[in-house]
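The structure is given below, and queries will be raised subsequently.
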Amino acid sequence: MERQKLTKVDLAKFSHELGASMVGVADIRSIKHKFHFSSEILEDLDYAISIGLRLSKKILDDIVDHPTNIYFHHYRLVNAELDRIAFKVASRVN
């Protein structure tokens, strides 16, 4: 897949097509010096992308005083899906 520059709208559309529930983009130029990465890595990183997936309301409603086993399973699945989406998005943007 060829890497390309995407607008925020293109990025959101692509992320939603991959299954994301929400997408945000933030300019991090003024705060990236606080990140724990080398200056070489941070040099070209001016924006951050946040991708979210909606969790199951029924699973969340079942939590009373501590996370349930089904919640832990749901959490692992959602994080794996977020990783998949993030990988595909990252492979498309410069």
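The chain is numbered in sequence order, starting from 1. As the structure is a computational prediction, the values presented were derived from the model and not from experiment.
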**Asked** Using the ring of each side chain (for Trp, its six-membered ring), is Y75 parallel, tilted or perpendicular to Y71, with breaks at 30° and 60°?
**Response** tilted
_Common cluster, L45/L11, ILVMFWY with side-chain heavy-atom separation under 4.5 Å_ = no
Minimal heavy-atom distance between A86 and I51, with the atoms involved, is CA-CD1, 4.2 Å
Scanning both residues in full, the closest heavy-atom pair of L18 with R84 reads O-NH2, 2.8 Å
Check your understanding: Does H74 use its side chain to pair, donor to acceptor, with the backbone of I59 at less than 3.5 Å?
Key -> no
Worksheet item: Taking everything shown except H73 itself, do over 12 heavy atoms lie less than 6.0 Å from its NE2?
Response: no
For a quick test of your reading: what N or O donor-acceptor pairs under 3.5 Å do the side chains of residues 21-29 make, sequence neighbours left out?
residue	atom	partner	partner atom	Å
S21	OG	R54	N	2.9
D27	OD1	R29	N	2.9
D27	OD1	R29	NE	3.0
D27	OD2	R29	NE	3.1
D27	OD2	R29	NH2	2.3
R29	NH2	Y47	OH	3.4

Review point. Do L60 and V78 share a hydrophobic cluster, counting only Ile, Leu, Val, Met, Phe, Trp and Tyr and linking them when any side-chain heavy atoms are less than 4.5 Å apart?
Key: yes
Correct closest heavy-atom pair for E43 and K32 would be O-NZ, 3.2 Å
Q.
Please tell me whether L77 and I70 are part of a single hydrophobic cluster in this structure, the criterion being side-chain heavy atoms less than 4.5 Å apart.
A. no
I'd like to know whether R92 forms a side-chain contact (heavy atoms from CB on, under 4.5 Å) with K88, so could you lay out the CA-CA distance, the side-chain angles of the two residues, the decisive distance to 0.1 Å, and finally the verdict. CA-CA 7 Å; R92 291 274 305 262; K88 288 184 178 270; 5.9 Å; no
Between F35 and I41, is there a shared hydrophobic cluster once you connect ILVMFWY residues whose side-chain heavy atoms come closer than 4.5 Å?
yes
Distance col, row I31:CD1 vs H33:NE2, nearest 0.5 angstrom, shows 8.5 Å
- [ ] Look at atom CZ of F37 and say whether more than 12 heavy atoms of other residues, nucleotides or ligands are closer to it than 6.0 Å.
- [x] no
Sorted by chain and number, sequence neighbours left out, side-chain contact (heavy atoms from CB on, under 4.5 Å) with E17 holds for K13, F14
Taken in chain and number order and not counting sequence neighbours, the residues that satisfy side chain to side chain donor-acceptor pair (under 3.5 Å) with K58 are none
